Amino acid sequence: MEVVRPAYLPDPALDAAAMEAMQRDIAADATFADDHGLAPDAIRVDDRIEAGESVEPAQATLDGDGPVVAGVDQAFREDEAVSVAVALRGGRVIERAVGRAPLEIPYVPGLLAFREGSAIVDALESLSVGPDLLVLDGSGRIHYREAGIATHVGVLFDAPTVGVAKNLLCGTPVADVEGRYLDAGERVGIEANEEVETCPAGTTIGHFYQSRQYDHPERRHVNPLVVSPGHRVATGTATDLVAATCAGYKLPEPTRLADAAVGDVTGE
DNA sequence: GCGACAG
DNA sequence: ATCTTGTCGC
């Protein structure tokens with residue numbers, strides 16, 4: 001893949017005010033409407049995984065039909081960030097790419113892309129396929145300036161992206177989910193509030209999505225995913241697409257596989 | 001000043 | 001995110 005908006009490369013040397021200013025520009029350039037030619041129905045997961053079988057990584061097959069979805073995830077060592085992108089077609093791995101970058105700034109809520117972004121760019125630049133959709137770890141439009149890491153990366157490459165987070169950064173759920181049991185498949189809208197300074201309060205900027213749930217509400221329950229559009233995807237579609245990439249686990253397959261891959265790149 | 005806060 | 005083993009429950 002190729003960066004098409006180099007002005008938005010996440011330079012960790014910028015001061016916070018400059019980072020925030022860049023995010024406002026990115027949000028203005030982002031498209032929170034469908035512009036991707038992807039149909040959730042066209043996305044397939046590996047049926048062997050859905051059946052609970054263990055699957056060996058498939059050999060690279062760059063040819064074929066059907067949309068390509070890539071998951072991206074990061075892990076950290078001493079003072080470097082490692083990012084891995086895993087591209088899937090029909091639920092099978094067709095390519096993996098690794099990227100690295102020194103860790104130069106601490107984690108600051110709202111400025112995540114400036115800490116991890118360089119490693120992600122490094123990984124995606126070495127990816128030979130241009131995925132029809134990128135699934136990033138973290139928020140997209142659910143962000144103080146509607147420019148979370150999924151939106152930032154999407155605009156950098158002008159690629160359709162969605163963000164999948166495990167926790168809510170900002171915004172207000174339209175229904176109380178606190179300790180409430182959501183059935184698998186349920187979604188609850190997340191609306192912008194005063195924390196989101198770039199759009200009117202009440203705008204739907206994402207969803208809680210219950211990708212997986214236990215059968216008995218009494219004791220244990222799974223926390224829902226936090227899904228939001230990154231770039232070139234509408235809010236409802238973002239959740240539809242993420243739902244289509246899930247295969248019985250809490251995390252979407254692209255994310256799970258990127259997670260595992262970055263794990264053993266970082267590990268042994 | 002206090003609270004909230006992706007990874 | 002990361003430091004880290006076993007363990008309770010379905």
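Values reported hereafter were calculated over all heavy atoms of this structure, with side chains retained and with hydrogens, waters and symmetry mates removed. Reminder, nothing fancy here: chain letters follow the sequence lines and each chain counts from 1. The structure presented is a predicted model; accordingly, all values stated were derived computationally and were not measured.
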### Query
With a centroid cutoff of 5.5 Å and a plane-angle limit of 30°, would you call A:Y107 stacked on B:dG7?
yes
Interatomic distance where [atom1] belongs to [X] and [atom2] belongs to [N] [whole Å]:
X	N	atom1	atom2	value
A:K166	C:dA1	NZ	C1'	9 Å
A:R141	B:dA6	CZ	C1'	17 Å
A:Q74	B:dG7	CD	P	11 Å
A:L169	B:dC5	CG	C1'	6 Å
A:N193	B:dG3	CG	C1'	14 Å
A:L225	B:dA6	CG	C1'	13 Å
A:F76	C:dA1	CZ	C1'	5 Å
A:R212	C:dC10	CZ	P	14 Å

To the side chain of [X], which of [options] is closest?
X	options	answer
A:L112	B:dA6, B:dC5, C:dA1	B:dA6
A:E116	B:dG7, C:dT2, B:dA6	B:dG7
A:I149	B:dC5, B:dA6, C:dT2	B:dA6

Check ion pair [X]-[Y] (N to O, under 4.0 angstrom):
X	Y	answer
A:R24	A:E197	yes
A:D240	A:R187	yes
A:D73	A:R256	no

### Message
As a check on the pairing definition, encode DNA chain B in dot-bracket form, counting Watson-Crick and G-U wobble pairs whose two distances are under 3.5 Å, and using | for partners outside this strand.
### Response
.......
Sugar-phosphate, base or nothing in reach of [X], heavy atoms under 4.0 Å:
X	value
A:L136	nothing
A:G110	base
A:A75	sugar-phosphate
A:I142	nothing

### Task
Step through it carefully: locate the ring centre of A:F157, locate the ring centre of A:H231, and say whether they are under 6.0 Å apart.
no
### Query
Side chains of A:E95 and A:S128: donor-acceptor distance under 3.5 Å anywhere?
yes
#### Entry: Residue from A:V164, A:L168, A:L169 passing side-chain contact (heavy atoms from CB on, under 4.5 Å) with A:V226
A:L168
### Query
When you look at CZ of A:R44, are more than 12 heavy atoms from neighbouring residues, nucleotides or ligands closer to it than 6.0 Å?
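Atom CZ in A:R44 is not crowded, with 12 or fewer foreign heavy atoms closer than 6.0 Å.
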### Query
When you check the phosphate oxygens OP1 and OP2 of B:dG7, does a side-chain N or O of A:N167 lie under 4.0 Å from one of them?
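The answer is yes; a side-chain N or O of A:N167 sits under 4.0 Å from OP1 or OP2.
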